[in-house]
Each structure stands twice: as C-alpha cells, then as structure tokens.
Amino acid sequence: MADSDRAERPAGPGQEHDTVVLDVTGMLRASQQSTVTAVLRRRPGVRRAEVNPVTQTATVTYDPRRTSLAQLRLWVEECGYHCAGQSVPSHLCDPLMEPGQSRAPAPEPANEPGPAAEHGMSMAAMAADMRNRFLVALLFSIPVLLWSPIAENVLGLHLSVPFGLRQDVWALLLSLPVIFYSCTVFFTGALRALRARTLDMMVLVSVAVAAGWLYSLVVTLTGGGDVFYEAATVLAAFVLLGHWLEMRSRGGANDAVHALLDLAPPKALVIRDGRPVEIATSEVAAGDLLLVRPGAKIAADGTVEEGESDVDESMVTGESLPVPKAPGSTVIGAGINTNGTLRVRATEVGADTALARIVRLVQEAQNSKAPGQRLADRAAFWLVLVALVGGLLTLAAWLLFTDRPLGTAVLFAITVVVITCPDALGLATPTAITVGTGLGAARGVLFKNAGALETAARIRTVVMDKTGTLTRGRPEVTAVVPATGYDENTLLSLTAAVERESGHPLAEAVVRHAEQRHITAPDARRFENLPGHGAVAEVDGHRVVVGNPRLAEREGIDLADLTARRDALAATGHTVVVIGVDGRPAGLIALADAVRETSAEAVTALHDLGIEVVMLTGDHRATAERIAGRLGIDTVIADVLPEDKAAKIAELQHRGHRVAMVGDGINDAPALARADLGIAIGTGTDIAIETAELVLMRSDPLDVPTALRIGRGTVHKMRQNLGWAIGYNALALPIAAGVFEPLTGLVLRPEIAALTMSGSSIIVAVNALALKRLRLPDAPGPARGR
C-alpha cells in the first residue's frame with residue numbers, strides 16, 4: 001500500500017518528463033483502477049499515474065530517458081489489461097507512436113490469459129460480454145434456487161430431484177457453469193490485484209463466491225448436509241447484473257470526448273505526383289500537400305498554399321462564422337471547408353494537431369484526482385481490508401459467542417464481505433468529474449484538472465482583463481461627428497480614402513466601418529504618411545488631412561467649434577481623429593476598443609451567482625470607467641503596469657477573496673498563475689493558455705459563469721455521491737454482520753447484499769449523469785452546444 005499510495009513527485013529543475021493518456025480497457029469495476037495505478041507507480045521512470053475506470057484511460061507522466069510509451073504499454077498488459085498505446089482515434093494517429101516521433105512498430109502484445117472482454121474490447125463490447133455472463137448465471141441460478149431449502153421453506157416448493165441424485169449433488173452440477181464461466185472474470189481480476197499487491201472489489205467478490213461454493217463442495221464430497229450453492233450462484237448473478245447495468249449507466253459519461261474524437265476525418269486527399277490520392281488520415285505526414293474540396297473536412301493543421309475559401313472552425317475555436325482563408329492563412333484540422341477549393345500544406349499531424357491536444361487536455365482533466373477523490377481512493381483500499389478482516393471476525397464471533405451452526409456463521413461472514421464493497425466510493429467522484437469536464441468540453445470550456453473543477457466551485461471574485469477579454473482588443477468607430485457643411489457619409493468617404501493607404505490599426509478601423517456602411521471611398525493621390533501625427537492626401541481635388549490636433553494645428557485648421565465635443569469624447573476614453581478639408585475643419589471620428597456582445601450578459605450571470613466582478617487593466621481610468629459603467633462591473637482597478645497585475649490579485653486574496661483571473665495576453669500570465677483559478681481566453685497567447693488551469697476555447701466572456709456553474713454542479717454531485725457511498729457502507733455493515741438479528745431478526749442474505757451493493761454503484765453513476773441536465777447560460781451562435 002505504501003508504494004501504490006506514495007506521494008506524487010513533481011519534476012525538479014532540469015528534469016524532463018512527458019505525459020501521455022493511455023488506453024486501458026478491461027477495468028470492469030471502479031476499484032480495479034488501483035491495480036494499474038499500483039503497478040505503474042512502482043516502475044522506474046514513472047512519476048505519476050492516474051487511472052479513470054469510467055473513461056478506461058490512464059494519464060501517465062514519465063521520464064522518457066528511463067522508459068518509453070511501448071514499455072508503459074507492456075506494463076499495463078502485465079496487469080492483465082489491454083493497452084493499445086496513446087488514447088487517440090486510430091484514424092487520427094498511430095496509437096503506438098511516441099509523442100512527437102514518427103510511426104513505430106508495435107511491440108508484441110502480452111499473452112495474458114483472461115476473458116475476451118478484457119483484451120481490447122470497447123465499453124459496449126465489454127458490457128455485452130458482462131450481459132452474457134449474467135444471463136448464464138441467471139439461467140443456472142434459477143434451478144439451483146428452485147431445488148434449494150429456500151424454495152421449500154419460503155415458497156413451499158417440493159420438487160423431486162432429477163435422475164435420482166441427491167439435492168446437493170444436483171445443485172453442484174448446476175453451479176459449475178456459473179463458477180467456471182460467469183465467475184472467471186472475478187477470479188482473474190482478483191489474481192491481478194493480488195499480483196499488484198493491492199486489494200479491490202474483485203478480491204471481495206471472489207472471496208465471497210469461493211467461500212460459499214467451496215464450503216458447499218466440501219460438505220457435498222463428505223456425505224452431504226446444509227449447502228449454499230444457491231447463495232454463491234445468485235450472489236454471482238446479482239453482482240454480474242450490477243456490473244452490466246453500471247457499465248451501461250457510466251458509458252454515457254464520456255460522450256463529450258467521443259464526440260471530439262469523431263470530428264477528425266478518417267480519410268484525406270494528398271497530392272502525389274500531381275494527382276490527388278486518398279489515404280488514411282493516420283498516414284498523413286508533416287509536409288504533405290492536402291487537397292480540400294468544398295464541404296470536406298481538413299485532415300491536419302496546416303497552411304494554405306493555394307486557393308481562397310471560408311472555413312468553419314467552430315467545432316475547435318468556437319468562432320460562430322466561417323473564417324476567410326487565403327494563401328498564407330493557417331487552418332485547423334477538423335475544420336470544414338465551405339466553398340472554394342484549398343491546397344493546404346500539413347504542418348501538424350496526428351497527436352500534435354490542435355484537436356488532438358484538446359482531446360488530450362480533456363482526458364487528462366478527467367483522469368486527474370480531486371483532493372476528495374485521493375482520500376476516497378485510500379479509503380477504498382482500507383475498506384476492502386476491513387471487509388476481509390470483518391468477514392473473519394464475524395465468522396469467529398458467531399462461532400465463539402453463539403450456538404449457531406457453522407453454516408449460519410459462514411453466511412453472515414460472506415454477507416459482510418459482499419456488502420462492504422467500496423465500488424460506489426471509487427465511482428463517486430470519477431464519474432462526476434468525467435461528466436463535468438465533458439459538459440465543459442461540449443461548451444468549449446476546458447478544465448485542465450479536477451482541482452480546477454473544485455476551485456471553480458469556491459470562486460467568489462472574478463477579475464477580468466479588459467483588452468481582449470471584455471473587449472475585442474481592436475479599435476472600432478464609435479461616433480462620427482461632421483462639422484457644418486458635411487454629413488456622416490461624405491466625411492467617412494473622404495476619411496476612408498486617405499486611411500485606405502495607411503496600415504495603422506486606427507486607419508483600418510475607419511476603412512472597415514465605411515465598408516460596413518457600404519460607403520464607397522474614392523481613390524487618394526499624393527498620399528503622405530506623417531508618423532505620430534496622421535496622414536495627408538488628395539481626394540477628388542481636395543487636400544484631406546486626417547490625424548491628431550497637432551497635425552490640424554500644423555495645417556492651420558481652426559478646431560474651435562469642435563473642441564468641446566472632442567474633449568468630451570476624449571474624457572470618456574475615446575481616441576479622437578480630426579479631419580480637415582482644404583484647411584477647414586470637416587469633423588471628428590471617435591474610436592474605442594469594442595466591447596464584446598456577451599460581456600454585459602456575462603457580468604449579469606456572474607452577479608446572479610453571487611460573484612463580485614473586478615476589471616483589471618493598464619488603460620486610463622476614464623476608459624476603464626466608461627466600459628465598466630456600461631457593463632455593470634463592481635470594481636475597477638486601472639492604470640496597472642503589466643508586472644503589477646499579480647500583486648493586485650494577491651491584494652484581493654489577502655482580503656479573503658477566492659479569486660479567478662480571466663486574461664489573454666503574455667502580461668496576464670503572472671496574474672493567471674497567482675490567482676486561485678487562472679482562466680485563459682482561447683484566442684490568447686500560448687503562454688497565457690499554458691499558465692491557466694481553465695481555457696475558454698470560444699473566447700466568450702459568457703463562458704466564465706458557465707465554467708463556474710459547471711464547477712459548482714460537479715462538486716455538488718461529488719459530495720452527494722461520497723455522502724451516499726460512505727453512509728451506505730456505515731449503515732449496511734452492522735446489518736450484514738447480524739448485529740440486529742438477535743433482537744429484531746433483521747438478516748441480509750449474501751445475494752440480497754450483492755443486489756444492494758450493485759444498486760448503490762448504479763445510483764452513484766446515474767446521479768453523476770444527472771449533471772448533464774445542469775442549467776447553463778444560453779449559448780448564442782451556431783457554434784454553441786456542439
């Protein structure tokens with residue numbers, strides 16, 4: 001236990017490590033994760049191993065100088081479980097390929113004996129195999145029960161035994177298919193756990209079934225007597241039924257990752273010798289030239305070399321409208337080409353594509369352990385030990401302190417072993433985390449780990465960067481003020497003619513605004529750019545000046561009539577451009593960073609959650625106050641230097657606030673790291689996304705309250721499930737041990753204990769799946785809800 005539960009060691013300075021998500025199929029019960037975890041954590045080079053029985057995957061952090069992906073795979077197979085390598089879609093990447101390496105030959109699979117269900121089957125196939133084992137157990141358990149003392153004493157049935165056999169011999173023969181087919185899944189699972197020096201639910205069931213059946217076998221072979229074949233077979237049937245129903249109920253918990261995996265196209269058109277050739281996407285290599293026809297999905301990340309089109313990238317980026325693409329533009333794998341034909345040079349393939357990285361991020365989050373789950377995992381191990389010791393103590397107590405026969409003591413001992421199964425405890429939080437992270441992924445909200453989910457539930461203050469988060473991060477025209485003798489359209493036409501020749505962001509905003517209003521700008525001649533002042537050009541025979549007041553003064557333009565309006569706009573954080581024509585004032589154009597459409601709604605949604613909203617910006621207070629007033633933000637912290645942002649977060653924390661920081665730039669990274677929860681806008685810089693614990697792929701502020709709601713809902717389900725699992729075991733154990741039998745006659749038979757134990761696990765799984773009905777803010781735009 002000390003090895004399997006040792007502290008996880010972070011990589012120290014200079015130490016290299018890789019992290020992969022391995023496909024680990026064959027875990028039939030939640031408690032079996034301890035077998036894989038115990039084996040992997042003892043291996044050289046493995047720094048951390050976290051296993052999720054719901055998703056049938058394991059996140060392993062290892063030192064590539066001491067071990068490899070192929071070796072990790074073999075170690076998993078030594079546990080008795082199938083492992084195909086990295087958990088990625090087979091049509092996207094060779095699952096045996098090392099991260100960042102070319103295709104490698106697969107190592108030979110381990111020849112581990114065991115049921116077919118545990119060698120590479122999907123969850124659906126495993127559930128079908130479990131159903132078949134249950135049906136066989138049910139088919140033979142019914143006649144065993146009909147020819148048992150229970151049928152005679154309870155149902156009043158007195159059936160003659162066929163072929164003149166003794167009743168116990170007939171029951172023995174009927175029990176053989178149950179023990180040697182249906183129950184082999186328990187016995188092989190128990191052997192794996194014991195070989196891994198750990199204990200899990202398979203050990204408990206194996207001990208319970210084997211104890212009842214072997215006791216009965218000895219009695220039969222020594223001349224007959226009271227036997228419990230019906231208890232062993234019905235117990236097996238009920239446990240198998242619980243396995244089957246639980247696997248079906250938790251099968252939907254991973255729907256979000258499956259949906260992400262299905263986005264990648266299985267085939268791609270590659271230009272070979274000047275002709276398009278269709279190949280599997282897994283065979284696309286960096287540098288290949290892809291032909292992407294209208295309506296087709298793009299097979300890999302790349303750069304457009306030829307053609308123009310619009311590409312729908314909403315499934316990855318969340319952009320609600322198709323993005324124009326031209327030579328030199330980058331494209332994202334799984335994007336849909338909507339109209340023109342493109343030739344794309346592949347730059348990132350397989351596990352390196354944006355889609356694969358998103359899938360890996362979600363899987364790592366699902367496999368990570370919340371603090372509560374780490375405690376539950378340790379408790380589950382000790383609960384198995386308590387069950388085995390409790391069974392022995394129960395047997396001894398009934399034999400030493402009562403006059404009941406050995407058979408009665410054995411029944412109570414078996415019931416204690418069965419009822420104390422920690423499976424519900426093992427499922428309590430992984431299922432909720434899997435559903436919660438999947439629910440977030442479907443909305444473009446990517447939690448990097450379970451800790452981020454728990455932290456999101458406790459946030460009480462959200463600090464939001466202004467530029468690029470609450471605003472678009474680019475200037476837009478907010479007001480056009482014509483002077484006497486001009487109208488708005490004429491003023492915009494003249495200004496756009498000059499600005500079209502400039503590459504300044506303010507100039508681009510004016511041209512864009514004119515185009516949006518369908519205003520045609522004439523050609524400009526003799527354009528002159530004046531850095532720090534503006535620009536001058538000749539338009540339709542007029543000298544047009546566009547720039548700041550210093551340029552107007554140099555040109556002798558009197559702004560007296562426009563000064564009051566210019567000062568008013570400047571006081572509210574606008575940038576004001578002065579326009580003059582032939583030495584006379586023609587008007588003003590005000591520009592400001594445009595607020596995102598959903599920013600106000602996001603602030604309202606955060607207030608509905610009882611959360612204080614703070615704007616943190618390096619802009620002038622006038623600009624910040626204007627936007628904050630428009631959005632309803634509670635507190636403004638302005639004029640903050642980039643290096644001081646983290647200090648402002650620390651100040652809020654020192655006042656007792658649980659702080660989430662939302663940002664998108666390099667200068668936000670220290671603040672994201674300092675906050676209790678760092679939230680990065682998906683279109684932000686790589687360093688901001690790397691630093692944050694939560695990524696909003698859609699760059700929509702409305703996803704901030706969505707993420708916090710998901711966090712609160714997930715933690716609520718985790719607490720409900722843990723409370724149920726702990727309460728169930730605390731109540732059931734004394735009943736199973738027969739503590740109340742002398743006074744009240746209250747007794748649990750092993751088969752009934754098996755049914756209630758399985759029912760507890762099913763309740764936990766179904767309760768977690770109910771998280772999918774969590775009410776979230778409406779998601780405008782066609783990209784939402786994918």
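Quick note: residue numbers are just sequence positions, from 1. FYI, side chains are in, hydrogens and waters are out, and symmetry mates aren't considered; it's all heavy atoms of this structure.
- A heavy-atom distance below 4.5 Å is not found between the side chains of Leu771 and Ile710.
- Within the 3.5 Å criterion, the main-chain N or O of Ser175 finds no donor-acceptor partner in the side chain of Thr233.
- Note that CG of Leu748 is 7.0 Å distant from OG1 of Thr415, once rounded to the nearest 0.5 Å.
- Shown here is Arg719, whose CZ atom has no more than 12 heavy atoms of other residues, nucleotides or ligands within 6.0 Å.
- What you find for Asn721 and Ala768 is that their closest heavy atoms are ND2-CB, 4.0 Å.
- Of all heavy-atom pairs between Val416 and Ala387, the closest is CG1-O, 4.1 Å.
- Scanning for side chain to side chain contact (heavy atoms under 4.5 Å, CB included) contacts around Ile763 gives Trp724, with sequence neighbours left out.
- Between Ile735 atom CD1 and Leu746 atom CG the span is 5.0 Å, to the nearest 0.5 Å.
- Proximity of Leu22 to Arg73: side-chain heavy atoms (C-beta onward) are nowhere separated by under 4.5 Å.
- With sequence neighbours excluded, the residues satisfying side chain to side chain contact (heavy atoms under 4.5 Å, CB included) with Leu176 are Leu172, Leu173, Phe180, Trp213.
- Val20 places a side-chain heavy atom less than 4.5 Å from the side chain of Tyr62.
- Scanning for side chain to side chain donor-acceptor pair (under 3.5 Å) contacts around Thr394 gives an empty result, with sequence neighbours left out.
- Distance CG/Leu138 to CG/Leu241: 8.5 Å, rounded to 0.5 Å.
- Here Tyr181 pairs with Asn132, Arg133, Val136 under the side chain to side chain contact (heavy atoms under 4.5 Å, CB included) rule; sequence neighbours left out.
- Side-chain contact check for Val234 versus Val144: every heavy-atom pair is 4.5 Å or farther apart.
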Pairs under 3.5 angstrom only: tabulate donor-acceptor contacts from the side chains of residues 218-225 to other protein residues two or more places apart or in another chain.
unit_1: Thr220; atom_1: OG1; unit_2: Asp168; atom_2: OD2; d: 3.4
unit_1: Thr220; atom_1: OG1; unit_2: Ser216; atom_2: O; d: 2.9
unit_1: Thr220; atom_1: OG1; unit_2: Tyr229; atom_2: OH; d: 2.8
unit_1: Thr222; atom_1: OG1; unit_2: Val218; atom_2: O; d: 2.7
unit_1: Thr222; atom_1: OG1; unit_2: Val219; atom_2: O; d: 3.1

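- Panel note: side chain Ser206, backbone Phe186; a donor-acceptor pair is recorded below 3.5 Å.
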Leu406 and Tyr215: CA distance, side-chain angles, deciding distance, side chain to side chain contact (heavy atoms under 4.5 Å, CB included) verdict: CA-CA 10 Å; Leu406 176 61; Tyr215 171 84; 3.4 Å; yes
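- Between Val161 and Arg166, the closest side-chain pair of non-hydrogen atoms is not below 4.5 Å.
- Here the closest heavy-atom approach between residue Arg42 and residue Ala196 is recorded as NH1-O, 2.8 Å.
- In this structure, the separation between CG on Leu400 and CG on Leu393 is 10.5 Å, given to the nearest 0.5 Å.
- Leu191 is linked by a side chain to side chain contact (heavy atoms under 4.5 Å, CB included) to nothing, counting only residues two or more places apart in sequence or in another chain.
- Side-chain N or O atoms of Arg197 include none that pairs as donor or acceptor with a backbone N or O of Ala38 at under 3.5 Å.
- Atom CD1 in Ile433 sits 7.0 Å away from atom CD in Glu454 (nearest 0.5 Å).
- Sorted by first and then second residue, the salt bridge (Lys or Arg N to Asp or Glu O under 4.0 Å) pairs involving residues 386-406 (not counting sequence neighbours) are Arg404-Glu741.
- With sequence neighbours excluded, the residues satisfying ring-ring contact (aromatic ring centres under 6.0 Å, His included) with Trp398 are Phe412.
- Sorted by first and then second residue, the ring-ring contact (aromatic ring centres under 6.0 Å, His included) pairs involving residues 189-210 (not counting sequence neighbours) form an empty list.
- The CG atom of Leu731 lies 9.5 Å from the CD1 atom of Ile419; values are rounded to the nearest 0.5 Å.
- Listed here is the closest heavy atom pair of Ala137 and Val178: CA-CG2, 3.9 Å.
- For Tyr728, the side chain to side chain donor-acceptor pair (under 3.5 Å) partners at least two apart in sequence or on another chain are Thr756.
- Partners of Trp147 by side chain to side chain donor-acceptor pair (under 3.5 Å), not counting sequence neighbours: none found.
- For the ring-ring contact (aromatic ring centres under 6.0 Å, His included) test, no residue two or more places apart in sequence or in another chain qualifies with Phe140.
- Annotation for Arg43 and Val39: closest pair CG-O, 3.2 Å, computed over non-hydrogen atoms.
- Counting heavy atoms from C-beta outward, Met130 and Leu240 have side chains that approach closer than 4.5 Å.
- Counting heavy atoms from C-beta on, the side chains of Leu388 and Val203 come closer than 4.5 Å.
- The minimum heavy-atom distance linking Val715 with Leu453 is given by the pair CG2-O, 3.9 Å.
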